Amino acid sequence: YRVGDIVGGLELLAGRTSPAYARAIAHTRILQLGAEDLFDMLDDNFSLLAATMRAVSALAVGRLRTGNETGLLEVALRLSLVDRLVLLRRQAPFARARLRALTTLAHASEEIAWPAGAVIVQAGELASASYVIASGTACSTARDATTSFGAGAAFGLLETLAARAHRETLEAVTPVRALVTTQAALLDVLEDHSDLGFAVLAQLAEIG
């Protein structure tokens, strides 16, 4: 570790013990921040919470498995609130979210449909929304590798949280319906429900 490096940050956010220890090999001064103080700061300062989420999401990009969900998830022709909650809850970053915050996020999301062959997301575009497939099949391509996305699979959530460009192109193989959450909607909900932000941070810290 060098000057400016953070030791134990991910473990603190994830609420887990460190798998290793850090030992000073020279005279060292550190700035220590306890968990309670950190979460108080994040709760009081949304810009700090958002910046922390961007940084942790960037670490998790590429490590969270996406795609390949089965088509066994059954939803109505028009997504109900329960359908939206089920789709969101299946995503790892929202696994610990409280129902009230997740319900607000479900209301803020939009159901969108694409015909077969449509390009849903183009690689290189700045991520502005995340997508959870409700029905149909899509596939992503990057460096000649193809990944299938069925009902329940999510695309672009970490890139949206990290404010990064999409790494892959997502195309509808069959007619596709998806629950779409824009970055603006997600940030609005996170600002009003800091508990959702903490839950997402904890999950992403486990991945990162």
Side-chain angles (χ1 to χ4, degrees), residues 13-15 39 42-61 63-67 69 73-114 120-121 125-136 138 140 149-166 170 176-208:
L13 291 171
F39 285 109
L42 294 174
D43 194 22
D44 293 338
N45 190 327
F46 177 69
S47 61
L48 179 60
L49 175 61
T52 303
M53 193 164 299
R54 282 196 300 272
V56 177
S57 299
L59 291 175
V61 168
R63 299 186 183 184
L64 178 63
R65 180 179 176 275
T66 59
E69 288 282 354
L73 183 67
E74 293 185 6
V75 296
L77 292 177
R78 188 71 181 174
L79 295 178
S80 67
L81 177 59
V82 172
D83 291 329
R84 291 169 178 241
L85 288 171
V86 169
L87 287 169
L88 291 173
R89 181 69 79 184
R90 288 168 69 99
Q91 311 315 314
F94 300 136
R96 301 184 190 178
R98 294 180 180 176
L99 182 59
R100 181 178 179 183
L102 204 62
T103 299
T104 304
L105 187 63
H107 281 299
S109 301
E110 182 181 3
E111 180 182 351
I112 299 180
W114 293 266
I120 300 172
V121 166
E125 292 179 349
L126 183 64
S128 60
S130 65
Y131 306 80
V132 183
I133 306 298
S135 65
S140 67
F149 288 75
F155 183 88
L157 177 57
L158 293 185
E159 290 83 355
T160 299
L161 288 170
R164 287 193 168 188
H166 288 291
L170 183 67
V176 167
R177 287 187 301 142
L179 185 64
V180 181
T181 308
T182 65
Q183 185 184 63
L186 181 55
L187 291 177
D188 282 345
V189 175
L190 289 171
E191 185 169 12
D192 292 336
H193 297 272
S194 58
D195 59 293
L196 176 60
F198 296 160
V200 172
L201 275 177
Q203 289 295 98
L204 294 181
E206 290 280 2
I207 299 166

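Because the structure is a prediction, the values reported are computed rather than measured.
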Next on the checklist: Working to the nearest 0.5 angstrom, can you tell me the gap between Leu49 CG and Asp44 CG?
Outcome noted: 11.0 Å
Checklist entry - Can you tell if the side chain of Leu186 reaches within under 4.5 Å of the side chain of Ser130, non-hydrogen atoms only? => result no
Checklist outcome for this item: Rounded to the nearest 0.5 Å, the OG1 atom of Thr181 sits from the CZ atom of Phe94 at a distance of 6.5 Å
Checklist outcome for this item: To the nearest 0.5 Å, atom CZ of Arg78 lies from atom CD of Glu111 at 4.5 Å
Checklist entry - Are any non-hydrogen side-chain atoms of Tyr131 and Val176 less than 4.5 angstrom apart? => result no
Checklist entry - Is a side-chain N or O of Asp188 found less than 3.5 angstrom from the main chain of Ala185, in a donor-acceptor match? => result no
Checklist entry - Is there a side-chain contact between Phe46 and Leu187 (heavy atoms, below 4.5 Å)? => result yes
Checklist entry - Got a donor-acceptor contact below 3.5 angstrom from the Arg84 side chain to the Ser109 backbone? => result yes
Checklist outcome for this item: Nearest heavy-atom approach of Ala202 to Arg96 is CB-NH1, 3.2 Å
Checklist entry - Would Arg100 and Asp195 satisfy side chain to side chain contact (heavy atoms under 4.5 Å, CB included), going step by step from the backbone distance to the final call? => result CA-CA 10 Å; Arg100 181 178 179 183; Asp195 59 293; over 6 Å; no
Item to check | Test item: Glu159 side-chain N/O and Ala127 main-chain N/O as donor-acceptor pair under 3.5 Å | outcome: no
Checklist outcome for this item: Value for CG (Leu126) from CZ (Arg164), rounded to nearest 0.5 Å, stands at 11.5 Å
Item to check | Backbone of Gly152 reached by a side-chain donor or acceptor of Gln91 within 3.5 Å | outcome: yes
Checklist entry - Hey, does the side chain of Ser194 reach the backbone of Gly197 with a donor-acceptor pair shorter than 3.5 angstrom? => result no
Next on the checklist: When you measure from the side chain of Thr160 to the backbone of Ala129, do you find a donor-acceptor pair of N or O atoms at a distance under 3.5 Å?
Outcome noted: yes
Checklist entry - When rounded to the nearest 0.5 angstrom, what is the spacing between CG in Leu102 and CZ in Arg89? => result 5.0 Å
Next on the checklist: Can you tell me how the ring of Phe155 sits relative to the ring of Phe149, calling it parallel under 30°, perpendicular over 60° and tilted otherwise?
Outcome noted: perpendicular
Next on the checklist: Let me confirm one number: the CG-CG distance from Leu59 to Leu158, rounded to the nearest 0.5 Å.
Outcome noted: 10.5 Å
Item to check | Within-4.5 Å side-chain heavy-atom neighbours: Leu196 and Thr104 | outcome: no
Checklist entry - When Leu105 is tested against each of Leu190, Leu179, Leu85, Val189 for side chain to side chain contact (heavy atoms under 4.5 Å, CB included), which residue passes? => result Val189
